[in-house]
Amino acid sequence: MAASTANSAATRTILITIIGGLAIFTLPTVLILGIGMLPTLGAMLADRRKEKYATLCVGCMNFMGVLPYMVQLWTEEHSYDRAFQLIGQPFTWLVMYGAAAIGWAIFFVAPGVVGMFIAMRTEQRIQALRRRQRELVEEWGPGVARQKGQDDDKE
Amino acid sequence: MADVVVLKERVEIDPDKPLPEFDLPNAKAFSAVARKEGGLEMVAYVCDPDIPLRFEAVEQMRSFTGVGLVRFVEWGVVFWAPQRRRLMVMVYETPIGGRVLRGNETAIEPYSEDRLIKHFLTPVIALMRDMSARGVTHRAIRVSNLFYSDKARKHVILGDCLTAPPGLYNDPLFEPLEQGMADPSARGAGGVGDDVYALGVIVIFLTLGKLPRQTMDPVEAINRKISQGSYGILTAGARIPASVVELLRGMLSDDPRERWSLREIELWLGGRRLTPKQPKLPNKAARPMIVGGVSGDNPRTVAEALARNWLIAPEIVRGQDFDNWVRRSLGDDRVLENVNKVLGSAAVIQAVPEADNQKLVTRACMALDPPAPIRHKGFSAFMDGVGHALAIGFDRDDIRQRVAEFINARIIGQWMTLQARNRSELNELYSVIDKLPMLINQAGAGFGIERVLYELNPKLHCRSPQIETFYITRVEELVPALERAAQRQDRGNQPIDRHIAAFAAARTTEIDDRLLRPLSAQEHIGTERTLAMLKLLVKVQVLSKNGPCPNLCGWFAELLAPAVNAFHNLKIRKAVELSVARAVEGGLLIDLQNIFADAKAAQRDSQGYQRAQQEHTQCNAQMQQLAIEIENKEHLATELGEQVAAVCAGVLGSIGSTAVIVMYML
């Protein structure tokens, strides 16, 4: 157990070092990413669940909103000026944060949709079972609906 | 006013015209007219169904054309409206002169020898000769059964001999010694010698114009006949014309071997005269043997006393005194030989178990008096009279008990070995009686005392309360009779009872144990027993080639309704109900049986029903589970919805990101 924890900590340290190293060489990207992904950070802070479904949901959509500007930065001019220029455009904020909002929307709407689907499917199964019971009663008579013990008592 | 009853399109019987002067003890007489014989007046005897008829003699007597006997014309079963049932009717030509003794008369004008010979003996002996050639006896020769065949009331003829078992209504006083010893209902067919003896009594009556003795206590009659001889007792000191003394002594001889044969009587009638024989009385023992207060100095008296005192007799037979009396005092080698044969030495007698006491007494009686009837526990019968006795007394517990014990004692074989000569028909009967203990000791329907009744009386009608009034004597009539019984409101609970099962089994060998045992098997109750009955009647219907019997089928359908309703599967039940209705309409029992032939159908139905019950229960459980799921839908939807949202966002994000990259790279 102690060895496993040590390995995990080592792996984390290595990853942080690599990411930190990369971040030093890609600071404009980090700037766009840092500002654009703030809703994800907010979602992560708000998400109390261990599985972090809300973070994942918002993060995916948020990243999709941030990615065009990152690609724009990489393909046109990877500099602070261009980064600030992009951040300075309201449309950029709209895209990045709108995408995050869509993530939240998905997160809030999905349980309702799933709930409706579950309810519908369960009703269908109950109807099928009731239909089968009716068929059994039609074929074997009302006695089939009695429990075996009840049947014996009647006999 | 009842309609005229037509018998076989030949005789019309008028139930409104009784002829009480011709009544018999067991049959009422009614006026009848022959259709094809010029309106000849006849008398129809409507027989008591409780008294068995002499079926075995009917056919021989029907074709009989001799004089000396009322002419038997026709017989058959008819519906007798006054009693609302079917009854056997026997039709005779009306004896024109009526009864010899009318009303309360006891005497007539005495007959001279010439008149006796001409108007009675000659035709009657010719009749006896003819009957003897046909192998039948009359056995109802008694004063009350004599008629005049002419208006002048000269010619005396014998009356009916078919409506009752042989000798049933004959007074023991006027029966030969052996026949008088037997119970009246168990006298058996007897022989020509018995008729000759009875004719001797009639000769006394006609010669004297009356009988010197009208009756006598049977026990006293037997003892006095043994010790004094029949002639002395029956003539009772009356003046018998010397011309007929020889005839009477010959006809009334107590030794069947000494009794005159028909040939000797014919010689006498032809004019041969001999010195009258003196009665041959039994040898007297040196000292008497006391049995139940009776002092017997000859084996016949002692045997009779042992038989009548059967409760104390075992002690006497086991006693040394009895052995000494037989071996030393009696001095009769024939009896001693018989005793050694059937009883053995004193030591052997002592070794007989107590349980066989009564068999010991019976064997002792046989040994002392072989020609006498078999006497067992107060029941005295000739082997061919047992069936008649049972038929007449079947409603009485004591008679049934006596006959059952008689048969279970298995004593007839020994009796037969002691007889000088056995009639061939008795050998055939013995083969039947020999298997009866096996049948009587089985309790189920088709066995027991009822089976014995029908085995010993091959032509007896079925006595079942269900169909007794239909008077059926053949198994072919059984299904039609049950068909009619099924239409009654007051029909019984079951179509087959012990009588019907026994009747069917006795009348055809096709009804065997395989069909009879299921009728009473312990494990067979309710429907299974009904199916066993159905199976038996199917066999009868097929064998007899009977037509449809929809009412009987309907009766079975009612009894089998629980079996139909026991089918849980409603489709199968409906199909079975439809098949049963069709079978009832068709009226063939076999169709009904085929519906229930698949014994495993009920088992399959039951298994299917159990499976259906289980499935129904499982459905309930699943629905309960689903109801719980619906109640917990919010939690589940949240749980699952968040997962779905994450997946959807992941997928959308991936697709969108890929699209962005691809777009900028192009």
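The sequence lines fix the lettering, A, B, ..., with proteins before strands; numbering per chain opens at 1.
Using a 4.5 Å cut-off between heavy atoms, A:V58 does not touch chain B at all. The part of A:I118 that comes within reach of chain B is its side chain, from C-beta onward, which places non-hydrogen atoms under 4.5 angstrom from that chain. Only the side chain of A:R49 comes within contact range of chain B, with at least one heavy atom under 4.5 Å from a heavy atom of that chain. Contacts of B:Q614 with chain A are absent, with no heavy-atom separation under 4.5 Å from either backbone or side chain. Using a 4.5 Å cut-off between heavy atoms, B:Q643 touches chain A through backbone and side chain atoms alike. At a 4.5 Å heavy-atom cutoff, the contact between A:L67 and chain B is made by backbone and side-chain atoms alike.
Distance check: A:R121 CZ to B:L626 CG gives 9.0 Å after rounding to the nearest 0.5 Å. We find the SG-CD1 distance between A:C60 and B:I655 to be 11.5 Å, quoted to the nearest 0.5 Å. Here the OG1-CD1 distance, from A:T122 to B:I628, works out to 12.0 Å after rounding to the nearest 0.5 Å. Of the inter-residue distances, the one linking B:I661 atom CD1 with A:W74 atom CH2 reads 7.5 Å to the nearest 0.5 angstrom. Atom CD of B:E629 sits about 6.5 Å away from atom CZ of A:R125, to the nearest 0.5 Å. Here A:R130 contributes atom CZ and B:C619 contributes atom SG; the two are 11.0 Å apart, rounded to the nearest 0.5 Å.
Counting heavy-atom pairs closer than 4.5 Å to chain A, the top-ranked of the candidates B:K633, B:M663, B:E615, B:Q622 is B:E615. Looking only at heavy-atom pairs under 4.5 Å with chain B, the residue among A:G103, A:G112, A:P68 that has the most is A:P68. Comparing A:V66, A:L56, A:L136 by how many heavy-atom pairs each has under 4.5 Å with chain B, the most go to A:L136. When each of B:S654, B:G650, B:C648, B:G608 is scored by its heavy-atom pairs under 4.5 Å with chain A, the top score falls to B:G608. For the set B:T658, B:I572, B:V644, B:I630, the count of heavy-atom pairs under 4.5 angstrom toward chain A peaks at B:I630. Across A:M61, A:E123, A:M70, A:E139, the residue that shares the most heavy-atom pairs under 4.5 angstrom with chain B is A:E139.
With a 4.5 Å cut-off on side-chain heavy atoms, A:E51 and B:E642 do not count as touching. Residues A:Q133 and B:N620 form a side-chain contact, since some pair of their non-hydrogen atoms from C-beta on lies under 4.5 Å apart. The side-chain heavy atoms of B:L652 and A:I106, taken from C-beta on, include a pair separated by under 4.5 Å.
Open room surrounds CG on B:N493; 12 or fewer heavy atoms of other groups in view lie less than 6.0 Å from it. Under a cut-off of 6.0 angstrom, the local environment of CZ in A:F108 is crowded, with over 12 non-hydrogen atoms contributed by other residues, nucleotides or ligands. Summarising the local packing, NZ of A:K52 is surrounded by more than 12 heavy atoms from other residues, nucleotides or ligands at distances under 6.0 Å. No more than 12 heavy atoms of other residues, nucleotides or ligands shown are found within 6.0 angstrom of CE on B:M665. The number of heavy atoms from other shown groups lying within 6.0 Å of CD (B:E585) does not exceed 12.
The minimum heavy-atom distance linking B:A637 with A:G115 is given by the pair CB-CA, 3.3 Å. Closest heavy-atom contact between A:A110 and B:G641: CB-O, 3.3 Å.
Under a 3.5 Å cut-off, the side chain of B:Y609 and the backbone N or O of A:G143 do form a donor-acceptor pair.
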